[in-house]
Structure formats: C-alpha cells, structure tokens
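I have placed the structure first, in the form of structure tokens, so that the comments after it can refer back to it.
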Amino acid sequence: MKINKLNFHLILFISLILLSCSTAVSQTRISGFVRDKDSGELLIGASIVNLDKRGGTISDNNGFFSIVVKPPCSVQVSFVGYKELILKIQSRQNKMISVEMESSTQLDAVVVRAKRQIKSNVSTLNSKELQQIPTLGGKPDVLKSMQLLPGIQSQNEGTSRLIVRGGDPGQNLYLFDDVPVIYVNHLGGFMSVFNPDIINSIDLYKGGFPARFGGRLSSVVDITQREGDQSSLKGSYSIGITDASFTVEGPLKMKNTNFIVTGRKTMIDALMASFSRISDGNDFVIAYGFHDLNGKFTWKPDSHNSVHINFYQGDDYLNYWSSEKARNYKEKSRLKNVWGNWLASARWNHVFSPRVFMTNSLSYSRYRLRNDMSFSVSDSSETTEFKREYLSSVEDFSLRSNLKFQILENWSANAGLQTSLLKHIPNNTYQTNFDIQPLTEKLMGLESAIFLDNKINLFNRLEANLGLRGVSYTSANVQHFSLEPRVNLDFRISDNHHINMSYMKVSQNAQLLVTTGSIMNNEVWVPTDSRILPAQSEQVSLSWLGSFYQNMFDTELSVYHKTMSNLASYKEGFTNLIGDTDWRSKIIAGGTGESMGIEFLIRKSYGDWTGFASYAWSHTTRLYPEINKGLEYLYEFNRPHTASLNINRRFNDKWAINITWVYQTGLPYTPVVGRQYTLNTKPDANGNFGYYEALLYGERNSAHMKNYHRLDIGLTYNTFTRNNRPATWTFSIYNLYNRHNPLYYYYNTDAKADYNRPQYWSEFKPTNLYQMSFFPIIPSVSYKVFFDENRIKRTVKKARKDFKDKLHPTPKKEKKWRIQVGYGVYNGIYIKSSRGIRSYYGNYRLESNYRILKFLGVGGYLGYSHFTTHAGPGVSFENSFENKNIPYFGLNVNMHLMPLILKTTNTRFDIYLKTRYGGPLIHSVSENFFPENGFYPKFGFGAGASFYLDKYVGIFAEYEYRKKFYPTEKQLWRFGIICKF
Amino acid sequence: MLIEKYHLPLWQLSLLLLIGTILLSQTSCKELVQDEFPEYSPVPTINSFIVADSIIKVNISLADKLDSLPLTTVEDAEIGLFVNSEFEEFLMPKGDGWYHSASIVKAGSVYNCKVNIVGYEELSCTDSIPLPASILKIEHILNAGKDEEGLSYPAVKVTFSNESHSKRYYQLIINLNNYDDVWRHGYLMDIVDPVLLSEGLPLIVFSNEKIEADSYTMTINYSTGSAGSRNGEPMRMHLYPFIIELRSISYDYYLYLRQLYLYEKGRFPEFGAGTSGVFPLHSNIENGHGIFAGYSKTLSEIINPEDDSQ
C-alpha cells in the first residue's frame, strides 16, 4: 500500500510526539493558582519554570498553571514586582498547590532575574505598569497605554480607539473577564470605558490568535478584572480633571467570598448645566457626562471551585433642556443622547484534577445608542407635541464553555464551545409625524463556535500550538459556516531566544460602521446578511523573541502580512444612519484591505530605570468597489512609521517619574493639486449660470500631514493624608513642548477668514494649506486616597489613646473674620416678551462676616452691577434703554453648618446658608425709565460652600435666590475667593 | 505640623496647573502649513449646463496651480458643436470665457463639443438631453411635520410621469417666490419618500430605479427658511407662492449634483462633527476638467399655499 505525502507527514508527526513523551514514566504534574500573599489577588502571567529541566509555563487568566516535573526537582515562580519563589518538589504524586508571592519593596533591583517563559504573539500589561503611564487628563487609560506598543495606533490624537496592524476600530475584540464588551469609549473616544482600578492584567493579541478567540479580525484585548482583596476592606477614591472615581474591595461575611466595586463619574455635567443656565438666562441647560460602574463578586467554596459574578454599566450622555414661557404660549424641548453598555455575567471555574480545568460562563451584554428628541408648544387652546426616538443596539447572550486538559506529558489541549444569540437593531426610528411608523427591524442571529487548541512540545525545542475553530452564523435569511485554522510554532533557539511563526484565519459576523472625529457617538453595528458577507482576514507573522542581561531586556522583532475581505463601511459622505429607514443604502460592502509591516520592541523590566522603546513600519491599503472609482488607496490611518519611548524611574518611596515620547508619520490626506472653475447650479433670472472656483484634488490619501510627535511627563508623589491614609498625587503634562500636531488639514484663502469666503477678483488671495490642532500642552492633576479597614482601626485606636492622654486639650483659636470677593453674572433688566434685548453683566461684591457664634456670622456687603433700564411705552425703540453701573449694599447673616456637625473649628470645608437684606441704589436714570431713581432693598436667601486651600485662603461658590425686583431675574450664582483670619 | 507643610505647596501647584491649562488651551490652533505648491501646468476646463429650449452656453477656462493668480478664461478657443453626431455650428465667443450657440437645444438629442485651444490637445465632451417628464398633480400639505425646534413644516406631493422601461434621472426643485421678482429654492426637510431615501443623500435628485409604474407621487417635506411669530403666538414657518420645477437630467448631471454635494460637505472639515473625507467634482471632459451636462424641465403653475389654509 502506498503512503501518500500527507499521511506520511501525519505519521511522522504523531511518532515525534510519542517519542518526545517517552519519558513520561515517573513524572508528576503540579498545578495550582498563583496569588499575591497579602491581598490574595490572582497573578496572571507569572512564570513557572522547572529549574532542573528546561521548560515551563505561564499562569493563565485565572491565575492557573499546570506543569510536569520529575521529582525531586526545583520549580521557580517569578513575577515582576514580586520576590521569586523556589518550590522543592519531592513527592511523586500529582498535586494542586497554592503559590503565594510576596510583593517586593526593594527599589534598586526588584529581583526578577529568574528564568522566564517568553510569551509569543501577545503583549501583556499589568495593573502596576498601567498605573505608571501618563495620559491626557492625568489618569491612566487602558487603551491609550496600548497605543504605545508597536503595531497599535490611535485613530486620531486623543482618542482611545485602536487601529491594530491596519485593521478598523471595529475589528478588535474586547473581552472583560471573558465577556465581549461592544462599546469601549467615553467622551467621544478620549477615554476608554475600562476603569484602570479594577484591572488585573491585559493581554493583547495582534495576530496568531489561539483558537478560543474569534469573531474579530484584528486583535483580541483580553482584560482580566481583579477579584478584590481577600484580607480586609480596602479602597480608594480619586479626583482628576475629567472624573472622580472610587474603589471598594474586600471580603464579605459569607465564608470565602470577596468583592470589588469601582465607579467613575464626570464632574463637568453639573458645571456645564450651571454655566449654561447662567450664561443664557435660564432658557436652556446643556450637560455632557459619563459614568461607569464595575463590580465583581467571587466565591471560592473550596480549592477546586470558584464562582464569579460580574457586572458593568456605563453610559455617556449629552442632554439638552429648554423652556420658554410667554404671555400666550409655553415651549419645552428636550434632546437626549445616550450611549453605552450593560454587561452581566456569571462564571464557574472547576479544577477536576491537576490535569483538567474547566471554565463555564453565561453572559449578557448590550450596547445601545439612543437619540431622543421631544418638543411641545402649548397655547391657550391646544398643545402640539413632536417626538422622535432613534435607537441602534446590539444584544449578546452568550454561553461559553472551556476545558483545558493534559493528553500526554507534552501535549495539552484546550477545547470549548461558544454560542451567542445576537439581536441587532441597527436603525430604529419613531417619529410622531410619520404617517406610518417604520417597523422596528430586529435582526436575530445565532453565532456558534467550536474550537480545539493543541499545545505540543517537541524535545523542549519546538512548541506547536495547532488550533481549529469552526464558526457558524445563522440568521433569518443567511447561513454561513467557516473553518478557521490557527498555527503557532515557537522554536526555542536557546533559553533566551525564540523564533515564532504564526498563521491565522478569522471571520467577523458583525461590522462596525464608524467615522472619525465625531464628538457624538455614531457607532452602528451591522450584522451579516445577504449583501454584507462575513468579513474575513488571514495573517501570517514571523517573530524573533529574545532576552538579554539576565532577563533585564526583552526584545521582539516581528514581520507580518494581513489581508482582509468583505469589509463594510459607510458610503462616501455619510457619517450616520439616523432617521433613514432605508439604512442599507448608506452602506457599501465587499471592501478588501491589505496590511504589512515590521515591528520592534525592546523592554527593560527591572533596574533603576524601566520602560520600553518600540518602532513599527507598516503599509495599509483599502479597496472598495464604490470608493475612489474602485481603485486601491492608502488607508485613512496608514502611518508608515511609528515609534514610542517610555521611561519609568522611581526615586524613593515618595517620588516617581514617567516619561513618554511618541512619534508617528502624519495621517494621510488627499492633497489639492490645483483650482478650476465650475458652474453654479442655480441660474440667475436670465438663465445664465455663474461660475466660481473649486479645488482639484489629487490622488486619494496620497500625501501625509506633518509628522506627529509629543512628549508626556507624569510625576507621582506618594504621601499621607492628615488621617494618615496613603494618598497619591499625579501631576502630568501632556505634550510638554507644546507641539501643534495637526488634527486635520484644510485649504483656504485666509486662516482667519470664514470657511466659505468666496474668491473676490478685486481682492484676490492665494489659496494656502492650513492645519487645525486641538491638543496643545495640557497639564493635569489627580489625587487619590487609599483606605484600609485595618489601618483605619489602628488610626481610631491611636486617636482614642491620644484623647485620653490629653484630658484637657488646648483648642485651636477660632478664626472669626471672613472676607469674600466674588463675581457673578447678572441678567440685567429686560422685558421677557420683547425677545432679543437681554443682556448679561458682571456683578461684583465685597462681603465681610464676623462670627458671633460658632455657627453664626453677621456682616455687610457692597458692590456694583451693570443695569439696563427700560423706558415705558411711547418711547422709540432706539431710545428705550439706558445702561448704568449701579451700586448696591446691604446686611447679611450666614449660618455655618459644619460646626453643627463637627466639634472641630476652622474646618477646611464649609457649607453655609445665607440671608441678606439689601438692594441697588438706582441713580441718574432718565425720567419715564424703569426702575426709577431710588433704593430698592429686598430680602434674599441662598446657600454656599467654601473650601480653604490653606489656613487662610480658599475659594467659594454660592447660589442666591432673591425676592423679585421687577423685572430682573431672581437667581444668581457667584464665585470667588474667601479669606479667614 | 509636618503634614500641613506638605499640603500647601501641592495645592498651589495644582492651582497653577489648572490655571495654566486654561490659559494654554486658549492658544491658537490654526496655522499655516504650506503656501507654495508644486508646479501644475494649466489644464483647459469646459463648463456648460445645457438646458433644453435654450441656447448652449459654454465657458472655457484654464485650471491652474493652487497659489497662482486668479484663474484665466480662454477667449480664443474654437468650439465645434455636433448634434446627434452631425456638425451643427461653431460657438461664438461672448467674452469672459463664454461661447454661445445660435441653435436651440432640443430634448432627446445628443450634444457633443470639440474644443481646440492653441497649445493644448483637443478636448471633447458629450451628453444627451433627456425628454421632459410631465407634472401630473401637485398637492400641498400645510402641516406635514415638525422640525427639531418644534416648527411646523409643509410638504408637497408631486405626481409626475415616468418612463419605467428606461433608466431616467430627475431633479425636483421648489422655487419659492419670496418677493416680487426674487425666487429661491426651498430646503429639503426630513426625507420620508422611499425613492429619495434609497438615494442616500439629502438631495431631491433621484433615478427611476425604484419606480416601476408609469407615474409616481413623491412627498417632499420642505422649509422656506423663514419663520416668525405674531402676537405672542408660537413660531410658524412663513409660506410663499411656489413653482415646482421637474428636471429630467442626464446621467452626468445626476453624478455631478451628487458629487457636488459631497464636495461641498468635505470642503471644510468641522471639529467634532465627524469627517467624511474629501471628494472631487465629477467630470466628463476628455483631456480636460469641467462638466458638460444638461436637462430638460417642466414647470408647474404658481401655487399659493396660503390658499389651502383658507
């Protein structure tokens, strides 16, 4: 019988596996979890190396590892920032162990010179590294930190969206504890939805995906959440320019349970709302904000089982309210834009034996974009209402089951099943004025995948990861099935040098339509249908991975080639689907793409200075039948050269510095090569068509904007609060040397002129190229305070002791005088029904108070504001106003609330209620004008808060409601400086 | 106290940083990138919209580099006009780059111009003028819906004939008579018509691809662009007498109008509004730039919408 070539190779391969595992006799399997000794937190990516025999493994996303050893032997466990552990294995029995590692506080050399396993095709960032990297806004950002790695770029400056090896932003799979997150941006992409406080570790795959991952073409961002501290209740709260956040974690009363909850909220919403009210006389309120809330509950009934329940909810919102009341009618309008995710999941991990580990999860995630608008006008006889509601959403119910098992000593496998029920509503519009409401189009799909990953080690030289993933997608009118082979060969040249080769094929059944630069979210997901086929990608890559100087330096050099097909996009000129029932007409499908590149990374892991440097060259193109006349063009985000440098230095326990420098070739743009005349499409009264100048564009994306580079610096200062709690100040400066990096280019005749300035013959100006840049040097600061139940107990105990020691403590002398200098915006006088004559004027005030009691202050105030007085009927419009600076004065009584709550005096923060009696002294106003000359005292009431920056000086904000002094407005916000002495 | 000593400078530093942020964010973000551009040899440009029942007016100019002096028109071109492949006449120069025909454009004919300019290759352009379609019925609706500010807008329902067996392209214009002699176009509001929706752009420019019958009624919500309030009443859109102009346009004119919309949209990007790239104008000129396309039109009678409200 003849043996054909394929069968021969198969037999040879199996023989090699059997030969290489012939030493399986008398071997022992050690498996278990690696944890932080103090907090019990899982350590992901820890190296477990058999010191007597080459080879080892890495703890996975569950902190789980499994290794075969030949006792007696030594196994070394190491992790960056922790003291290495040597485990002596004597027993020949398979066993489960729990490895607890101690955090290292040594500054000079965090000793991680141990032998380490090198991970191929994946970039890992742990929470410590993440917290060090400064970003826009002073707080760490997961995705922006990822953008420093080679092969990963941002879409535009400031945005968190990732472009991985020439892929689209919607081609990245974000897994949050194994649950897909659909929308990953806050603040128009300037921040990511992942709260860094809850993140344990991030693995980013740019290629060579294991078969357990699929559904996205370009990358997998596998984020593992922390489980929370298992020893005591701990937490932190922080405040920065963009948001305030908190974290609480610790054990629960139920045995072996613990939790972690984190949250973030912008603080600009209230400020925006207040300012919009002040600035436009109460007619409208506009506010933007976001929040997110993350939680994880963990229960470990025994060493073999653990149950995790996760939830996440986060939204961005832009709200607008307005109301207008007049004599005969009332108008109200409301605009509400909300977009974000819901996510809930339950996961059960079970260790059957040191050889078999299982994970099952059930999850629900939902992304939705809502754009609602309502308007009502009421007059004496009727109310007219108009309402429009737009919704685009994706819901994903998933069940995932994963089994890891050891077949032979050097052959382990990972098999699993994933099934997702997907509900897409790409574009649903309800509008009260539609005669017939369009039917809500709910597109249901069932995406199922079955996979098998084999990890085979041959002679401790070659590690082959051979995987196959079968994906089926079924919806009402389409059915697709694809087989996705995954090959990852890792050849060990020596202990410190590897060559890696990978091939993968991936498909994607839902594609993201997105345009750049929109501050409003316009992300819409469209599923596969008869016209939009599943997008597919194939990628091959070859890498060299090495480490030098006792693992002080890691290096990686990769080349790759990637092709993409069946890509979908908005048709040229479109940025959203809102309001269009025939939304498919705005989408083009059948696009292809190609990307190739070289990437280099060198990382220094320990020593006084740590950090990394990276460089990448890439070339990416796209081809759509209906774009650029069907010709291939450079991808919108093709940046041939990118480089980054990140340096960290910890000087002592208090101070640390991080410096990041980024360089990128400018984004491509379509240059203008000349000007031509074209005709106006509207003829004049005589039927003649006039002509005007238009631009002649060159080849699409054939020029590059000027190169992008910037330097960021972050300074961390660790200190203690007055209550002896650890606290961290982070000062960062984005774009230190104030480089004006272009966001976009435009052609105009004058930078200061309006965009649509026509070209006048009489005043000809040549057309030039201008740039717009929006991110100059931006300093920011954030402050974070940590609390710990044990520490608080100790502090309280100490405070009690101190109190007993000082039976007659000497109270601090109370500061009794307060002087305030404030500024508010006053609405002037206007007649409501005569729209358009409203004015806004500054209102200046000097106020002093003396505390006659601990909680009561009395005093006086004086100041001036600008008034517009108004003439009575019969005066011509032109002469109906007079503008005056009018002084005002009065007396006030303030009730301070903090002394009623706290026994201390001179608190840093103060809240007070205020009553005043006083008013303006109108003078020199013409006859028949209102108000007439005179003093108009009235009562006013309000509340305020002050915050002292040091012992004497602070800032305050207060709100005041005063009795109506016709026809002025009744409310006022005031801000200023306060002194006490 | 030691802790107090540490807090004071940090707060001050934070304040300084914040003040610095505000000041620096005010720095200019517009700047000149380039004011000299590569050489670009002038290229002849032909522009003409041919309208049935009118004479042909062709404009000849030279496209030039970006920072050159004002563009120049060509006064000494020789323009031969061919109708249905038969030579018709040479166009007569009228100054300012314009050349006029003596003959009148007939719908259903194919027009071709051959343009010779000294020093340049011969330019050629061709287009056919479609036969006009008929307006069968016009209905005006006073309150068709409300815009985002609650302002009521009107609509017109226009029924017109269609040649379902051949590919046709149309443009529909609402000409509003604001004042005695001033006519301007109404603005398209919320698109509800399926034919317009399938076109994908907010224009009343469409093909008959989705019209199967020999006539079609199109609903167009429109705005006059003017509103006001009287005696404290809610704001109402002002209505004006109007004429419906139905143009049967050539395929090149159809492409030109669509591309012109995209060109204008991409001309000046706006921060925060989302970008859609830049788009060149459509051209059907051989060996040059410009557009040579046209249409025939049908006009309705003047309709006074206020009459409907009575």
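Order of the sequence lines fixes the chain letters, A, B, ..., with proteins taken first and strands second; residue numbering starts at 1 for each chain. Predicted, not measured: the structure shown is a model, and the values here were computed from it.
- Only the side chain of B/Leu260 comes within contact range of chain A, with heavy atoms under 4.5 Å apart.
- B/Gln34 is not listed as a side-chain neighbour of A/Asn768, based on a closest heavy-atom distance of 4.5 Å or more.
- For A/Thr678 and B/Tyr263, the side-chain atoms include no donor-acceptor pair closer than 3.5 Å.
- Between A/Gln676 and B/Ala63, the closest heavy-atom pair is CB-CB, 3.9 Å.
- In this structure, CG in A/Asn688 is found 6.5 Å from NE2 in B/His100, a value given to the nearest 0.5 Å.
- Residue B/Ser48 touches chain A through its backbone alone, counting heavy-atom pairs closer than 4.5 Å.
- Only the side chain of B/Leu257 comes within contact range of chain A, judged by heavy atoms closer than 4.5 Å.
- Neither the backbone nor the side chain of B/Val43 comes within contact range of chain A; no heavy atoms are under 4.5 Å apart.
- No more than 12 heavy atoms of other residues, nucleotides or ligands shown are found within 6.0 angstrom of NZ on A/Lys332.
- Among all heavy-atom pairs drawn from B/Arg267 and A/Tyr747, the shortest one is NH1-O, 2.9 Å.
- At a threshold of 4.5 Å between non-hydrogen side-chain atoms, the residues B/Leu62 and A/Tyr677 do not count as touching.
- In this structure, no portion of A/Pro671 lies under 4.5 Å from any heavy atom of chain B.
- Only the backbone of A/Asn680 comes within contact range of chain B, with heavy atoms under 4.5 Å apart.
- In this structure the side chain of A/Lys682 reaches within 4.5 angstrom of the side chain of B/Arg184, judged on heavy atoms.
- Annotation: salt bridge (charged side-chain N to carboxylate O under 4.0 Å, His left out) contacts of A/Glu699 (sequence neighbours excluded): none.
- At least one side-chain heavy atom of A/Tyr691 sits under 4.5 Å from a side-chain heavy atom of B/Thr73.
- The side-chain heavy atoms of A/Leu696 and B/Tyr40, taken from C-beta on, include a pair separated by under 4.5 Å.
- For the set A/Val672, A/Leu695, A/Thr670, the entry with the most heavy-atom pairs within less than 4.5 Å of chain B is A/Leu695.
- Neither the backbone nor the side chain of B/Ser54 has a heavy atom closer than 4.5 Å to any heavy atom of chain A.
- For a residue to count as touching a neighbouring chain, one of its non-hydrogen atoms must lie under 4.5 Å from one of that chain's; by this rule B/Arg247 touches chain A with the side chain only.
- Between A/Leu679 and B/Tyr256, the shortest heavy-atom distance links the atoms O-OH, 3.7 Å.
- For the options A/Tyr669, A/Tyr745, A/Tyr697, heavy-atom pairs under 4.5 Å to chain B are most numerous at A/Tyr697.
- Distance CD/A/Gln771 to CD/B/Glu31: 4.0 Å, rounded to 0.5 Å.
- Side-chain contact between B/Leu66 and A/Leu769: absent, with no pair of heavy atoms (C-beta onward) separated by less than 4.5 Å.
- With hydrogens and angles disregarded, a donor-acceptor distance shorter than 3.5 Å links the side chain of A/Arg675 to the backbone of B/Lys65.
- Of the residues considered (A/Thr681, A/Asn628, A/Leu335, A/Asn701), A/Thr681 shows the highest number of contacts with chain B, using heavy-atom pairs under 4.5 Å.
- Under the rule for a salt bridge (charged side-chain N to carboxylate O under 4.0 Å, His left out), B/Lys297 has no partner lying at least two apart in sequence or in another chain.
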A/Phe689 vs B/Val51, side-chain contact (heavy atoms from CB on, under 4.5 Å): CA-CA, chis, key distance, verdict:
CA-CA 11 Å; A/Phe689 295 94; B/Val51 183; 3.9 Å; yes
